[in-house]
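Written below as C-alpha cells is the structure these notes are about.
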Amino acid sequence: MIEMEKTYNPRDFEEKIYRLWEERGKFRPSDSSKKPFVVVIPPPNVTGILHMGHGLNNSLQDILVRYHRMLGEPTLWVPGTDHAGIATQNVVERQLKKEGLTKDDLGRDAFLERTWKVKEKHHEVIVRQLKKIGCSCDWSRERFTMDDGLSRAVREVFVSLYERGLIYRGEYLVNYCTSCGTALADDEVEHEEEPGKLYRIRYPYSEGGGELVVATTRPETLYGDTAVAVHPEDPRYAALVGKTVELPLTGRSIPVIADAYVDREFGSGAVKITPAHDPNDWEIGCRHGLPRINLLTPDGRLNENAPAFVQGKTVAEARELTVEALKQKGFFIDAVDLPHQVGHCYRCHTIVEPYMSNQWFVKMKPLAQKALAAWENGDIRFFPKKWENTYRHWLENIRDWCISRQLWWGHRIPVWYCRECGKMIVSRTDIESCPECGSGEVKQDEDVLDTWFSSWLWPFSTLGWPEKTADLQRFYPTSVLVTAYDIIFFWVSRMIMAGLEFMGEVPFKDIYIHQLVRDKQGRKMSKSLGNGIDPLEIVEEYGADALKFTLAYMSSQGQDILIDKDSFKIGAKFANKIWNASRYILSSVDDDDCGDVPEFGVYDNWIETRLHTAAEAVAAAMHDYKFNEAAHAVYEYFWNDFCDWYIEISKLEFYDADEAKARRAKRKLLYFMEKSLRLMHPFLPFITEEIYAKLPDSVRYPMLIDAPFPSECEAAVGAAAPVTALQEAIRAVRTARSEFTIPPDTKIRVAVRCDAASGLTEFFKNEQPLFSHFVKASDLTVTEGAVDSKGAVSIIGNGFEVFVYIRDAVDAVKEAEKMRKEIEKTEAFIERTKVRHSNENYLSKAPRQVIEKEKASLEEAEIRLRKLKKNLELFGE
RNA sequence: GGGCGGUUAGCUCAGUCGGUUAGAGCGUCUGCCUUACAAGCAGAAUGUCGGGGGUUCGAGUCCCUCAUCGCCCACCA
C-alpha cells in the first residue's frame with residue numbers, strides 16, 4: 001500500500017523535486033556520445049519580473065529539452081540574462097527621480113554601482129522564477145551579457161569588425177529619444193499613426209513678385225531650413241530653381257533647389273528642406289551640399305539656433321508659438337488635418353527626433369548577404385515557415401546599424417582618444433597612454449554599445465568564445481532557437497549574422513517562432529493595462545505543471561495565444577486527473593504486485609497500442625515543433641484511453657475475489673502507469689516525477705527525468721480492433737439509456753447481433769460479463785442469428801447491431817421525430833454518394849481506396865437506413 | 001503605399017496530402033455523490049466553415065474577388 005495525499009497539491013513537492021534534479025546534476029549534459037541537443041535561452045532582461053510571454057517561451061523550451069533528454073541525447077540548456085541597456089537604466093533613473101536625484105548627481109561610477117545592485121536583485125528574482133516554473137537549465141553554465149567573458153567577446157567583435165572595416169564612426173542623422181537621452185537603432189523606433197496637421201506657409205521670393213507655398217507637418221523646424229526643393233521637371237517652378245526665397249521669421253534667404261525626390265502631386269509641390277531634422281532632408285542635403293542647422297538640445301528643447309521666442313521651449317510648444325508668429329506676420333495660409341506616422345521610442349514611448357550626432361555604426365550589407373545565403377542554402381529553417389519572408393525582407397533591405405548609445409549602463413565602446421595628438425585608438429585592452437605620442441591624457445569614448453551588440457553573440461559567447469573552449473567545440477552550433485516573432489529583427493537575424501561571421505557556421509539550424517501571449521481581448525499584456533498574468537501566480541494557484549501543460553496545449557503555429565487565469569484550469573484538471581489515477585493504482589499496490597508483467601490480454605494489447613500511438617504522435621509533433629499536437633496526444637491518451645477505459649475495464653479483475661487475478665491486474669496497471677508517466681513527463685515534469693518516485697523500485701528507472709521516452713511498439717496493432725468495437729457497442733447502449741432517461745439502477749435487456757464476417761462474435765461472447773457490467777444489463781445475448789427486435793431500439797455499429805429493449809421507458813413521439821431526422825440525414829448522404837458514384841469522371845479520377853471506402857460506407861448507410869425505417873415502425877408510425 | 005495573418009459551435013481555438021455525414025476544451029442541457037477523481041462519471045444539443053465567384057468527380061482546405069479585424073514593413077513633406 002503506497003500512500004498518496006488525497007488531493008493534488010503541487011506546492012507540496014515542486015520545489016523539492018526541482019532541488020533533487022539539480023543536486024543530482026540532471027540538468028547537465030550526459031556523457032553519451034550521441035549528438036548533443038542544445039538550446040540557449042533567450043536571455044530575459046534584468047529589468048523586472050518574468051511575464052507570461054516568458055512563461056510560454058521557457059515552457060516550450062523546457063518541454064523540448066526534457067523530451068530530448070529522455071531520448072538519451074546529451075542535453076544542454078544554457079540559461080542567462082540580458083543587461084538590457086536602456087530598459088535597465090530607465091528603471092534606475094526612475095528610482096532616482098523618486099528620491100529627487102538624477103544620474104548626474106551620482107556620477108557615472110556610483111550610478112553603475114547602483115545599477116549593478118538593481119541587476120543583482122532582479123536577476124535573483126528571475127532565476128527563482130525560472131526554477132519555479134521548472135526550467136531544466138544547466139545553472140553551472142549560466143551567463144550574463146555583461147559578465148567578464150561576454151564583455152571580452154563584445155570587445156573582440158567590436159575591434160575585429162573595426163579592423164575589417166565593418167564598423168565606422170560618423171556624424172549622421174539618427175533616431176534620438178530625448179527622454180532616454182540616447183540614439184536608437186532604426187528598428188527600435190515604433191511608428192504609429194497620430195492625428196496631425198499639414199500647414200501651408202508662404203516663403204516669399206527674395207526678389208519679390210510672389211511667393212512659394214510650402215507644406216509641412218512640422219512648422220517649428222523651419223528655423224533649420226537650408227533650402228526649398230521642387231521637382232526638376234515641374235514647370236511651375238522651373239524658373240525659380242537657383243533663385244532664393246525668404247525664410248519666414250528669420251531674415252535668412254535660402255536657395256530653391258531641384259531634386260527628383262519631390263512629389264509634384266503632394267501639397268504645393270515644394271518642400272522645405274531641414275537636413276538636421278528629417279531623414280529625407282538629410283539625404284537631399286547631402287546630395288546638394290546644404291548646411292545643416294541643428295535646432296535641438298539633447299533633452300528635446302529648441303536651442304540657440306532658433307529665434308529667442310522659442311528657445312528653451314519643447315518641440316510641441318515651439319510648434320504652437322511658431323504657427324502663432326507665422327499667422328501674425330502673414331506667412332500662414334492654412335492648416336488641414338493630416339494623420340501621419342510618428343516614431344516613438346520602443347522603451348519609453350517618447351516621440352523620437354531625428355537628431356544629428358556622432359555615432360558608431362556597423363556596416364550591415366556584407367553580414368546580411370551571408371545570412372541570406374544561409375537561408376537560401378537551407379542552413380536554417382523557420383517554424384512556421386512564413387517567418388522566412390520576414391527574415392528575408394529585412395535582410396534584403398537592411399541598413400547600417402547604429403550601435404552607440406548615450407547611456408552609462410552597458411559595454412563601454414572600446415575606443416580611446418588622445419587629448420594631446422587627437423589619435424583615436426580602437427583596442428581590445430584598456431589604454432593607459434597614447435601609443436602615438438605617449439601621452440597619458442587618453443580618454444575612453446563616453447558611449448556604450450547597443451544591448452543587442454552583446455545579445456547577437458549569445459549562442460557562442462555563452463559557450464566561451466573567443467576562447468576555444470571544450471563547450472564551444474562540443475555544443476556549437478546549437479540545435480534550435482525558441483523565441484517570439486517580435487525579435488526576429490533585433491535578435492534572430494543578427495545572431496545568424498554574427499554566428500556566420502565569427503564561427504563560420506549558423507548558430508542554430510531550426511528557429512521555432514512562437515506566438516505572443518495576449519489577454520482574452522487580444523491585447524498585449526502590459527503593466528500599464530494591468531492585464532498581465534504573473535506566471536508565479538499561476539504556479540501558486542495551480543502548479544508549474546498546469547502552467548506548462550496549458551501553454552503547450554493552447555499554443556499553435558497559427559496565432560497569438562489569448563489567455564486568462566481560468567485558462568490554466570485545463571492543465572490543473574489534467575494534473576489532478578493524473579494524481580487521482582495514480583493514487584487509485586498505488587494505494588492498493590504492495591510488493592507482491594511487482595513481479596514480472598503478466599502475459600497481455602486483449603485490453604492490455606489495446607492500451608499498449610494506444611500508448612505507443614500517442615508516443616509516436618508526440619514524436620512527430622515535436623519534430624515539427626507542434627507543441628499543441630503533442631500535448632493533445634498525451635492528454636487524449638491518458639484521459640480518454642487509459643483512465644476512461646483501461647482502468648475501468650481492469651476494475652473487473654482488480655476487484656476480483658481471486659487474489660491472483662487481482663494481482664495480475666494491479667501489476668499491469670503499474671506497468672502502464674510507469675510507461676504513461678514517461679510519456680507525459682516532458683509536459684508535466686513535477687507531478688510525474690513525484691508520482692514516479694512512489695512506484696516500487698522494481699518497476700521503474702531511478703528517476704523519470706532521464707528515463708527513456710516510450711518508443712518501440714511491442715503490441716500488435718490489430719489487437720485493438722475488437723476493443724474498439726466493444727467500446728462502440730457500450731457507447732451505443734449508454735446513449736440509448738441516456739436518451740430514454742433510463743435510470744442507472746434500472747437494468748435493461750440487451751442483445752447483440754454480430755455479422756458473421758466481422759469476427760466479433762467470439763469476442764463479444766467472451767466479454768459478456770464485462771459488457772453487462774458496463775451497461776448494467778439485466779440480460780445480454782450475443783448471436784449471429786436473427787434477433788427479436790420487438791420493443792427494442794437498434795443501434796448499428798461497424799460489424800454488429802445492438803438492440804436495447806426500452807419499450808416501457810420511451811416517449812414514442814419524441815423518438816419517432818428523432819428517427820425521422822436521422823433517416824433524412826442518411827437518405828441525403830446516400831443520394832449524394834450515389835450521384836457521385838454514377839459520375840464517370842469520379843470513377844476514373846478518384847483514387848481507388850477512396851472509392852472503395854465510400855462504397856463501403858454507402859452500403860453501411862443503406863443498411864442503417866433500412867434498420868432505421870424498421871425502428872421507426874416500432875415506434876408507432 | 002507594400003506585405004503577412006485571421007474570420008470554423010455561445011466563447012477560445014484545432015483541422016495533415018482536397019476525399020465519407022467538420023472536431024476539442026470551456027460553457028449550456030440531461031442523468032448520476034457508481035468503492036481514484038463532483039477539479040469527477042455517463043450522455044445530449046449547437047455550424048450557411050465571413051460574403052460572392054471559380055477550379056475539381058469532390059473544397060473548411062486550392063484560385064479570384066469583396067468585406068472585416070489584426071500585425072509587420074515603408075522617407076511622401
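Predicted model, so just to flag it, every value in this text is computed and none were measured. Labels below follow one simple rule: chain letters A, B, ... track the order of the sequence lines, proteins then strands, and each chain is numbered from 1.
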Which of the following nucleotides, [options], is nearest to the side chain of [X]?
| X | options | result |
| --- | --- | --- |
| A:N580 | B:rC76, B:rC37, B:rA42 | B:rC37 |
| A:R734 | B:rG25, B:rA36, B:rA42 | B:rA42 |
| A:H393 | B:rA77, B:rC73, B:rC75 | B:rC73 |

task: Between A:K6 and A:W639, name the one whose nearest nucleotide on RNA chain B is closer to the 5' end.
output: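 Comparing both residues, the 5'-ward one is A:K6.
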Sorted by position of nearest nucleotide on RNA chain B, 5' first, the leading residue of A:Y261 and A:I561 is A:I561
I need the minimum non-hydrogen distance between A:P10 and A:Y542, along with the two atoms involved.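 Taking A:P10 first and A:Y542 second, the nearest heavy atoms are CG-O, 3.6 Å.
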Residues A:E3, A:R583: salt bridge by 4.0 Å N-O rule
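Looking at A:R583 together with A:E3, the answer is no, because their closest N to O distance does not fall below 4.0 Å.
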Base, sugar-phosphate alone, or nothing: which one does [X] contact when heavy atoms must sit under 4.0 Å apart?
| X | result |
| --- | --- |
| A:D263 | base |
| A:E636 | nothing |
| A:T216 | sugar-phosphate |
| A:D644 | sugar-phosphate |
| A:F489 | sugar-phosphate |
| A:R737 | nothing |

- Message: Can you confirm whether A:E192 is buried at CD, in the sense that more than 12 heavy atoms of other residues, nucleotides or ligands lie under 6.0 Å from that atom?
- Response: yes
_Within 6.0 Å of CD in A:E396, more than 12 heavy atoms from elsewhere_ =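 Yes, the 6.0 Å shell around CD holds more than 12 heavy atoms from other groups.
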Spacing between [X] atom [atom1] and [N] atom [atom2], to the nearest angstrom:
| X | N | atom1 | atom2 | answer |
| --- | --- | --- | --- | --- |
| A:H191 | B:rG1 | NE2 | C1' | 14 Å |
| A:H344 | B:rC72 | NE2 | P | 14 Å |
| A:I488 | B:rG5 | CD1 | P | 13 Å |
| A:M554 | B:rA14 | CE | C1' | 11 Å |
| A:Q341 | B:rC72 | CD | P | 11 Å |
| A:E283 | B:rC76 | CD | P | 14 Å |

Looking only at atom [atom1], what distance separates [N] and [M], rounded to whole Å?
| N | M | atom1 | answer |
| --- | --- | --- | --- |
| B:rG27 | B:rU65 | P | 43 Å |
| B:rA24 | B:rA9 | P | 14 Å |
| B:rA77 | B:rC62 | P | 37 Å |
| B:rC57 | B:rG50 | C1' | 28 Å |
| B:rG31 | B:rU68 | C1' | 43 Å |
| B:rG15 | B:rG51 | C1' | 22 Å |

For [N] and [X] - does any side-chain N or O of the residue sit under 4.0 Å from the phosphate oxygens OP1/OP2?
| X | N | value |
| --- | --- | --- |
| A:K386 | B:rG5 | no |
| A:Y655 | B:rA36 | yes |
| A:T7 | B:rC37 | no |
| A:K651 | B:rA36 | yes |
| A:K573 | B:rC26 | yes |

Look through every strand shown and name the nucleotide pairing with [N] as Watson-Crick or G-U wobble, where both distances are under 3.5 Å.
| N | value |
| --- | --- |
| B:rA24 | B:rU12 |
| B:rC62 | B:rG54 |
| B:rA45 | none |
| B:rC71 | B:rG3 |

Using a distance-only criterion (donor-acceptor N/O pair, under 3.5 Å, no hydrogens), is the base of B:rA36 paired with the side chain of A:E648?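 Such a pair is found, so the answer is yes.
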Distance-only donor-acceptor test (3.5 Å): side chain A:K577, base B:rC37: yes
(request) Assign the ring pair A:F382 / A:Y391 to parallel, tilted or perpendicular, where the plane angle (0 to 90°) is split at 30° and 60°. (result)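 Rings of A:F382 and A:Y391: tilted, as their planes differ by 30° to 60°.
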Tell me which one of A:Y635, A:F683, A:F568, A:Y637 satisfies ring pair (Phe, Tyr, Trp, His ring centres under 6.0 Å) with A:F574.
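Option passing the ring pair (Phe, Tyr, Trp, His ring centres under 6.0 Å) with A:F574: A:Y635.
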### Message
For A:Y223 and A:T322, which I'm curious about, is there any donor-acceptor pair between the side chains at under 3.5 Å?
### Response
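On atom types as modelled, these side chains qualify, holding a pair under 3.5 Å.
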Using ring centroids (six-membered ring only for Trp), state whether A:F549 and A:F627 fall under 6.0 Å.
no
Quick check, are the ring centers of A:F672 and A:F638 under 6.0 angstrom apart?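 Centroid distance A:F672-A:F638: not below 6.0 Å, so no.
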Q) Heavy atom of residues 627-634 of chain A under 4.0 Å from RNA chain B: which residues? A)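 Heavy-atom contacts with RNA chain B come from no residue of residues 627-634 of chain A; none.
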### Message
Between A:W579 and A:I687, is there a side-chain heavy-atom distance shorter than 4.5 Å?
### Response
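Yes, side chains in contact.
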